[in-house]
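Data first, discussion second: the structure below is written as structure tokens.
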Amino acid sequence: MGTHLAKVINKRINANGKQELIIELEQPIDDFSLQRYSRNDEVKVNVELFDNRYWTQAQRNKIHAIIKDIHRQIKEDYNYEETKERIKQTYCKVKGIDYFSFSNCSVTFARDFISFLLLLVSEQGFQLKLPGRELTEDISYYVYMCLVKRQCVVCDHKGPDCQMHHYDVVGMGVDRTEYDHTKSRLLCLCWMHHQETHLIGLDTFFNKYHVEGIRVNQQDLDQRIKYPREVKNRIYGPTELESGPKLPEIYEKV
């Protein structure tokens with residue numbers, strides 16, 4: 001099965017209430033291929049939308065700010081451009097892609113690169129002038145990363161005082177070791193911000209910091225977040241399998 005680039009010319013809603021796209025192919029699909037892959041005179045295709053939007057000025061500013069903070073803290077005698085190039089090379093190795101240029105990157109690509117930068121900062125212990133929650137373009141990814149890394153999603157603090165907070169109230173007297181934590185939205189908070197949720201309430205807390213918990217499945221809890229404890233040998237059903245974003249380990253020092 002081949003891949004064919006196409007341009008959407010128009011769209012409409014048919015009599016069954018389904019959306020129809022009218023597309024223009026760069027290269028025609030021959031009749032043999034259409035017949036070969038048909039079943040009951042029906043050919044199905046997989047549609048993938050390409051992000052044609054160029055990255056925004058806000059994304060440029062965030063990427064520059066994070067790399068500048070990293071550059072400020074590395075011990076090697078690199079200039080800023082060399083630091084940026086090393087980070088780009090590390091990103092390419094982790095993602096398994098060819099070298100890229102920022103001159104033509106898309107909104108989606110820049111969003112993923114920012115997430116990578118925040119993971120790099122977390123793994124290698126850099127400090128940011130702004131909290132990661134204000135720099136991320138994917139807050140759910142960032143909340144998940146903080147759960148896995150045991151990092152406060154509000155202030156980026158790491159330490160033994162960071163703990164899982166149930167965004168949805170569990171209730172007094174419930175045994176946390178027996179409770180089904182997949183039913184609650186979770187986030188990781190340091191002791192100070194955990195206490196603040198109880199003092200000001202969740203609504204005020206959300207309006208102040210603009211973060212809320214996410215739901216994770218059982219395999220994520222057991223093997224990646226390791227809460228309430230690490231479990232390695234559980235047999236999982238289809239709905240319990242790992243579904244969170246992949247967080248690659250970055251072994252190379254910048």
Side-chain angles (χ1 to χ4, degrees), residues 58-59 61-62 65-66 69-70 73 111-112 114-231 234 236 239-247:
Q59 290 177 316
N61 293 342
K62 289 177 179 180
I66 298 171
D69 283 344
I70 293 173
Q73 296 167 71
R111 177 188 184 188
D112 186 71
I114 290 170
S115 292
F116 166 80
L117 288 175
L118 293 173
L119 177 61
L120 179 70
V121 165
S122 177
E123 288 204 353
Q124 299 197 6
F126 296 117
Q127 300 296 316
L128 298 174
K129 289 184 178 179
L130 292 174
R133 60 185 167 81
E134 293 184 16
L135 294 166
T136 185
E137 298 263 311
D138 186 348
I139 190 62
S140 293
Y141 172 93
Y142 192 69
V143 171
Y144 182 84
M145 186 200 83
C146 288
L147 286 170
V148 174
K149 299 298 181 183
R150 280 294 198 278
Q151 175 176 314
C152 179
V153 74
V154 174
C155 66
D156 297 335
H157 168 72
K158 280 185 175 181
D161 60 318
C162 288
Q163 53 192 287
M164 296 299 128
H165 176 74
H166 292 74
Y167 200 80
D168 305 296
V169 178
V170 175
M172 295 292 291
V174 176
D175 186 347
R176 299 293 177 102
T177 62
E178 300 297 330
Y179 178 72
D180 183 357
H181 299 280
T182 63
K183 293 180 178 179
S184 294
R185 289 173 291 172
L186 301 173
L187 45 76
C188 186
L189 296 173
C190 65
W191 182 87
M192 183 181 73
H193 286 111
H194 193 117
Q195 294 303 308
E196 187 177 6
T197 62
H198 297 296
L199 290 172
I200 67 175
L202 279 177
D203 290 340
T204 305
F205 187 86
F206 173 78
N207 290 331
K208 183 178 180 179
Y209 297 115
H210 306 288
V211 292
E212 61 182 359
I214 59 170
R215 284 191 171 87
V216 294
N217 61 34
Q218 193 62 54
Q219 188 178 21
D220 278 335
L221 281 171
D222 290 346
Q223 298 180 9
R224 304 183 80 178
I225 300 171
K226 300 173 185 177
Y227 178 79
R229 59 189 176 276
E230 183 176 11
V231 179
R234 192 193 303 267
Y236 300 99
T239 60
E240 298 176 317
L241 291 174
E242 182 180 298
S243 62
K246 293 182 178 179
L247 298 182

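Sequence positions, counted from 1, serve as the residue numbers for this chain. The structure displayed is predicted, hence computed values, not measured ones.
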Residue pair L187 / I214, side-chain heavy-atom distance below 4.5 Å: no
Side chain to side chain, C188 and V153, heavy atoms closer than 4.5 Å: no
Below 30° counts as parallel, above 60° as perpendicular, anything between as tilted: where do the rings of H198 and H194 land? tilted
Please tell me if the side chains of D69 and Q127 come closer than 4.5 Å, counting only heavy atoms from C-beta onward. no
Restricting to non-hydrogen atoms, name the atom on R150 and the atom on I225 that form the minimum distance, rounded to 0.1 Å. NH1-O, 2.9 Å
Partner of L117 under side chain to side chain contact (heavy atoms under 4.5 Å, CB included), picked from T136, I66, D112, is I66
Gap separating the OH atom of Y144 from the OG atom of S115, nearest 0.5 angstrom: 13.5 Å
To check you understand the geometry: which heavy-atom pair defines the closest contact between C155 and C190, and what is its length? SG-SG, 3.8 Å
Please check this pair: side chain of D138 against backbone of R111, looking for a donor-acceptor N/O pair closer than 3.5 Å. no
With distance as the sole test, does R224 use its side chain to make a donor-acceptor pair with the main-chain N or O of V148 at under 3.5 Å? no
Nearest 0.5 Å, please: how far is CG in D156 from SG in C146? 6.0 Å
Inter-residue atom distance L221.CG - R215.CZ, 0.5 Å rounding: 12.0 Å
Testing V211, L202, L186 for side chain to side chain contact (heavy atoms under 4.5 Å, CB included) with Y167, which one passes? L202
With rounding to the nearest 0.5 angstrom, report the CG to OH distance, L119 to Y142. 10.5 Å
Identify the two heavy atoms, one from F205 and one from H193, that lie closest to each other, and give their separation to 0.1 Å. CE1-O, 3.7 Å
Check: S184 side chain, H181 main-chain N or O, donor-acceptor pair, under 3.5 Å: no
Quick one: are Q124 and I70 in side-chain contact, heavy atoms under 4.5 Å? no
Tell me if the CG atom of D203 is crowded by more than 12 foreign heavy atoms within 6.0 Å. no
Contact between E196 and K208 at the side-chain level, heavy atoms closer than 4.5 Å - yes or no? yes
Could you give the distance from SG (C162) to CD (Q151), rounded to the nearest 0.5 Å? 8.0 Å
In Å and rounded to the nearest 0.5 Å, what is the CZ to CG distance from F116 to L118? 10.5 Å
Below 4.5 Å, heavy atoms only, C-beta onward: do W191 and H157 meet side chain to side chain? no
Verdict with reasoning, H210 to R133, per side chain to side chain contact (heavy atoms under 4.5 Å, CB included): CA-CA 8 Å; H210 306 288; R133 60 185 167 81; 5.7 Å; no
Short side-chain to backbone donor-acceptor contact, K149 and K158, under 3.5 Å: no
Heavy atoms, side chains only, cut-off 4.5 Å: are E137 and K62 in contact? yes
